[in-house]
Amino acid sequence: MFLAMRAEVEDALEEALTSLDFPTDDLGIETPPDDVDAVLASSVAYRLAGEAGMAPPQVAGTVADEIDETALTYIETVETQGPYLNFLPSEQYFAETLDTAQSDTYGQLSDRETSVVIEHTSANPTGPVHVGRARNPIVGDALARVLEYAGYDVDRHYYVNDAGRQIAVFTWAYETFEESELPEPERDAAEYEMVRYYRKGNSYLEEADDEAVEAAEAEIQTILQGLEDGDEETYERVGEVVDTVLGGMRETLERLPAEFDEFVKETRFMRDGSTDEVVDRLKELDEAVYEEDAWQLDFEDIEKNLVFLRADGTSLYTTRDLAHHEWKFDNYDEAVTVLGEDHKLQAEQLKETLELLGHDTDRLSTVHYSWVNLPEGGMSTREGTGVMLDDLLDESIDRAREEVEDRLGERIRDDELTEEDIERIAHQVGIGAVRYDVVSKQPTKGITFEWERALDFEAQSAPYVQYVHARACGILDEASAAGHEIPTGEAVDADALTEPEAEDLLRSIAAFPAVIEEAADERRPHIVATYTRDFAEAFNTFYRECPVLDADEKTRQARLALVAAAQTTIANALDAIGVAAPESM
RNA sequence: GGGCACGUAGCUCAGUCCGGACUAGAGCGUCGGACUUCUAAUCCGACGGUCGUGGGUUCGAAUCCCACCGUGCCCGCCA
């Protein structure tokens, strides 16, 4: 309803300005502060003051007079308050919100008929997922969900770096060392078992005598060359290592949950000839230079050259990524990539090169996040330093379980939680808290990992918002048990919501689709997380001030509809950022 | 050295892109209140800020521009 109302306000304002011969390039539409009753406002009068030769408040008055309120559906009146034009909502605005927000699909915007591929995580398949890179799947998955809500047709891809040196080292190490030489795995899972070979191989290369290292390097080089030459047996050897490790990583990621439609292997673009083919085209570009036996691109705006073909004639990661992105452009309308800030330069060069190859790079957007570091420094799979995501999730679930159990004695509600309920809540809250903590912050800000902070269940965290959902479900359950019907359609009576706390909640409900739209357009899922927090506040205030079940018939009906609308809104808002919405807790 | 990002209460963060009702909002912590009530993982109140610093643009700057300071990342024929 908010979106329709906003469109109406824009049209009306533009029309009024046109008929007054004022420019319409900046309508100055903004959200008014909380203590103003309007749903939207405009500060356009400031900008027009000079041209009109009047003070801003007078301009505002003139514009307001020009707007025909009777022609508006969702706006009752247009008032001025000093230089501001305030648009006050009509009864219909509230009534329609109260009805439509009860739909299970509330917040789902109309189909944009646009396909988007979102590539995220894409961590090298060398070992267990650690917290340093955990921002990627969480932000990536949340963004994918937000884009789906916003009406895009979304595919999630994990780009598998299976052609690099580290994978050749891994394959060599896996085939060379005996399990008896390795330490016990930290967990009974494929990637924890496998990473031991990788670490062993790397330390061997650092510590063994020159002759032994030379022999190992020769074997590693053979593997790399085998991949480059398209040798089937080499692909199978490497594939076994990659698929095994990836299988384990995938299970961890699914706990978040972060699932993928496709794991796209880098070697695919070597085998199908598209990397060679893109190299041929790159050589033809005006920016292509052949220096020191290697083919490079010399950009106008970027300091550093991009080498796309080594002196030995082999391709590089970015060369293959170019073929990968051309493939994305062939198959999707838009492409979004979630990358660490250490890949910024590479991403710029990629984009610039795609532009040179004649692609419309407006179709490509990149979301960067900064690494999560430990107080003592960065996390490394190779060195085995860092906090594993599995351990963080386990610990968070354990703490959530303790919280639930501690609270059992004080529970007023007599819904008798079963063991299963406790386990369900522990998972929903524990994982939700980790996820929420990550999505609610702007990804560009640095995070230093501290257990205590990561596991903080206090306000402004997932449980605070989840509790709102549980409370709403509790009321709806009681209502259902008492045989109260929840009014929909013509039966809803938004007029009966006279308390300001109830109206504020309804306004907050109405804003949800616009929040989804903004978060999707700007590729910033944290906007949805901020919204859930504000929404929870509005709900809790309403909860305190406005009893539902004990209210008189008419009020109860209206408030029940409001609670039902609040429940679907917060359930979907949490769903959009991938946080579970518990029905009780 | 160069490029990019970040710098808002003791701590963790919103707000910054698109300047306006901002005499800057939350939460944690501290202090003081509210459970015979639809679940207190809640709510209410108090204390707490030269929005890194200095200049500039503007009727108006946390928000735009410039310089500087601090922190992080990048500057490989690695990925």
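Convention: sequence-line order gives letters A, B, ...; per-chain numbering from 1. As the structure is a computational prediction, the values presented were derived from the model and not from experiment. All values below were derived from every heavy atom in this structure, side-chain atoms included, with hydrogens, water molecules and symmetry-related copies excluded.
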With a non-hydrogen cut-off below 4.0 angstrom, is A/Arg523 in contact with a base, only sugar-phosphate, or nothing? nothing

Using a 4.0 Å heavy-atom cut-off across all strands, classify A/Glu522 as base, sugar-phosphate, or nothing. base

Nearest whole Å is fine: how far is B/G76 P from A/Glu291 CD? 14 Å

If I take atom CD in residue A/Glu517 and atom C1' in nucleotide B/C18, what distance separates them, rounded to the nearest angstrom? 14 Å

How would you label the contact of A/Val468 with the nucleic acid (heavy atoms, under 4.0 Å): base, sugar-phosphate, or nothing? nothing

Now, which nucleotide makes the Watson-Crick or G-U wobble pair with B/C17, with each of the two distances under 3.5 Å? none

Base-pairing mate for B/A67 - Watson-Crick or G-U, with both contacts under 3.5 Å: B/U53

Please state whether the base of B/A41 and the side chain of A/Asp406 form at least one donor-acceptor pair under 3.5 Å? no

What contact category does A/Ser584 fall into here, base, sugar-phosphate, or nothing, at under 4.0 angstrom with non-hydrogen atoms? base

Could you check which of B/A41, B/A40, B/C44 has an atom nearest any side-chain atom of A/Tyr543? B/A40

Under 4.0 Å between any heavy atoms, over every strand shown, what does A/Leu549 touch: base, sugar-phosphate, or nothing? Just pick one. base

Find the distance A/His343:NE2 to B/C75:P and express it as a whole number of Å. 10 Å

Heavy-atom donor-acceptor pair, A/Arg320 side chain to A/Ser315 backbone, under 3.5 Å: yes

For B/A61 versus B/C51, give the span between their C1' atoms, rounded off to a whole number of Å. 11 Å

Taking atom P in both B/U36 and B/A41, compute the distance separating them and give it to the nearest angstrom. 15 Å

A/Arg382 near the nucleic acid: base, sugar-phosphate alone, or nothing, with a heavy-atom cut-off under 4.0 Å? nothing

B/G76: pairing nucleotide in any strand, Watson-Crick or G-U under 3.5 angstrom: none

Inter-nucleotide P distance (B/A26, B/G48), Å rounded: 14 Å

Within the structure shown, what part of the strands sits under 4.0 Å from A/Tyr464 by heavy-atom distance: base, sugar-phosphate, or nothing? sugar-phosphate

When the ring planes of A/Phe449 and A/Trp451 are compared, do they come out parallel, tilted or perpendicular, using 30° and 60° as the limits? perpendicular

Which of B/U42, B/C38, B/C4 is nearest the side chain of A/Lys344? It is B/C4

Search all heavy atoms of A/Arg435 against all heavy atoms of A/Ala142 and return the closest pair with its distance. NH2-N, 3.7 Å

Choose from B/C44, B/A79, B/A26 the nucleotide whose nearest atom is closest to any side-chain atom of A/Leu316. B/A79

C1' atoms of B/C66 and B/U57, separation to the nearest Å: 11 Å

My understanding is that only one of A/Arg399, A/Arg401, A/Arg407 makes a salt bridge (Lys or Arg N to Asp or Glu O under 4.0 Å) with A/Glu403; could you say which? A/Arg407

For the side chain of A/Val404, counting heavy atoms from C-beta on, which of B/A21, B/U16, B/A41 is nearest? B/A41

Spacing of A/Ile475 atom CD1 relative to B/U37 atom P, expressed in whole Å: 15 Å

Between A/Lys445 and B/U12, is there a contact of a side-chain N or O with OP1 or OP2 at under 4.0 Å? no

Base, sugar-phosphate alone, or nothing: which one does A/Val563 contact when heavy atoms must sit under 4.0 Å apart? nothing

Scanning all shown strands, the Watson-Crick or wobble mate of B/U42 with both distances under 3.5 Å is B/A34

What does A/Ser370 touch in the nucleic acid at a heavy-atom separation under 4.0 angstrom: a base, only the sugar-phosphate, or nothing? nothing

To the side chain of A/Thr530, which of B/U39, B/C59, B/A14 is closest? B/A14

Describe the nucleic acid contact of A/Asp321 in one word from base, sugar-phosphate, nothing, applying a heavy-atom distance below 4.0 Å. nothing

For B/U42, does OP1 or OP2 lie under 4.0 Å from any side-chain N or O of A/Asn540? no

Does a side-chain N or O from A/Arg407 land closer than 4.0 Å to OP1 or OP2 of B/A41, or not? yes

A/Gly164 near the nucleic acid: base, sugar-phosphate alone, or nothing, with a heavy-atom cut-off under 4.0 Å? sugar-phosphate

So what does A/Cys546 touch, heavy atoms closer than 4.0 Å: a base, only the sugar-phosphate, or nothing? base

Counting any heavy atom closer than 4.0 Å, what does A/Ile425 reach on the DNA or RNA strands: base, sugar-phosphate only, or nothing? base

Aromatic rings A/His324 and A/Tyr159: how do their planes relate, parallel, tilted or perpendicular, breaks at 30° and 60°? parallel

Below the 4.0 Å mark, does B/U39 have OP1 or OP2 next to a side-chain nitrogen or oxygen of A/Arg413? yes

Look at the side chain of A/Glu341 against the base of B/A5 and say whether a donor-acceptor pair falls under 3.5 Å; ignore hydrogens and angles. no

Assign the ring pair A/Phe308 / A/Trp295 to parallel, tilted or perpendicular, where the plane angle (0 to 90°) is split at 30° and 60°. tilted

Rounded to whole Å, how long is the line connecting atom CZ of A/Phe539 with atom P of B/C38? 14 Å

Report the distance from atom CG of A/Asp437 to atom P of B/A41, rounded to the nearest whole Å. 21 Å

Separation of the P atoms in B/A46 and B/G27, to the nearest angstrom: 12 Å

As a test of reading the structure: which of B/C6, B/C78, B/G27 is closest to the side chain of A/Arg310, going by heavy atoms? B/C78

Give the nucleotide from the list B/C38, B/C13, B/C44 with an atom nearest to the side chain of A/Lys441. B/C13

C1'-based separation of B/G72 from B/G25 [nearest Å]: 27 Å

For nucleotides B/U16 and B/A62, find the distance between their C1' atoms and express it as a whole number of Å. 7 Å

Side-chain contact check for A/Pro33: nearest option of B/A21, B/C44, B/C11 is B/A21

Which value, in whole Å, describes the distance between the C1' atoms of nucleotides B/U8 and B/G52? 10 Å

For the side chain of A/Gln442, counting heavy atoms from C-beta on, which of B/G15, B/U37, B/U12 is nearest? B/G15

Would one find a side-chain N or O of A/His526 under 4.0 angstrom from OP1 or OP2 of B/G15? yes

Quick one: is A/Tyr317 getting a side-chain N or O under 4.0 Å of the B/A79 phosphate, OP1 or OP2? no

If you look at every strand shown and take non-hydrogen atoms under 4.0 Å, does A/Val307 touch a base, only sugar-phosphate, or nothing? sugar-phosphate

Quick one: closest heavy-atom pair of A/Ala529 and A/Tyr436, and the distance? O-OH, 2.9 Å

Think A/Arg382 forms a cation-pi with A/Tyr198, using NZ or CZ under 6.0 Å from the six-ring centre and within 45 degrees of its axis? no

Atom CZ of A/Arg135 and atom P of B/A5 are separated, to the nearest Å, by 16 Å

Is the base of B/C35 syn or anti, if syn means a glycosidic angle within 90° of 0? syn

Distance check needed: B/A79 C1' versus A/Asn161 CG, whole Å only. 6 Å

Consider only side-chain N and O atoms of A/Thr126 and A/Asn124, and report whether a donor and an acceptor are under 3.5 Å apart. no

Could you check whether A/Glu228 pairs with A/Arg310 (Lys NZ or Arg NE/NH1/NH2 to Asp/Glu carboxylate O, under 4.0 Å)? no

Heavy-atom nearest nucleotide on RNA chain B taken for A/Phe457 and for A/Arg47; more 5' hit belongs to A/Arg47

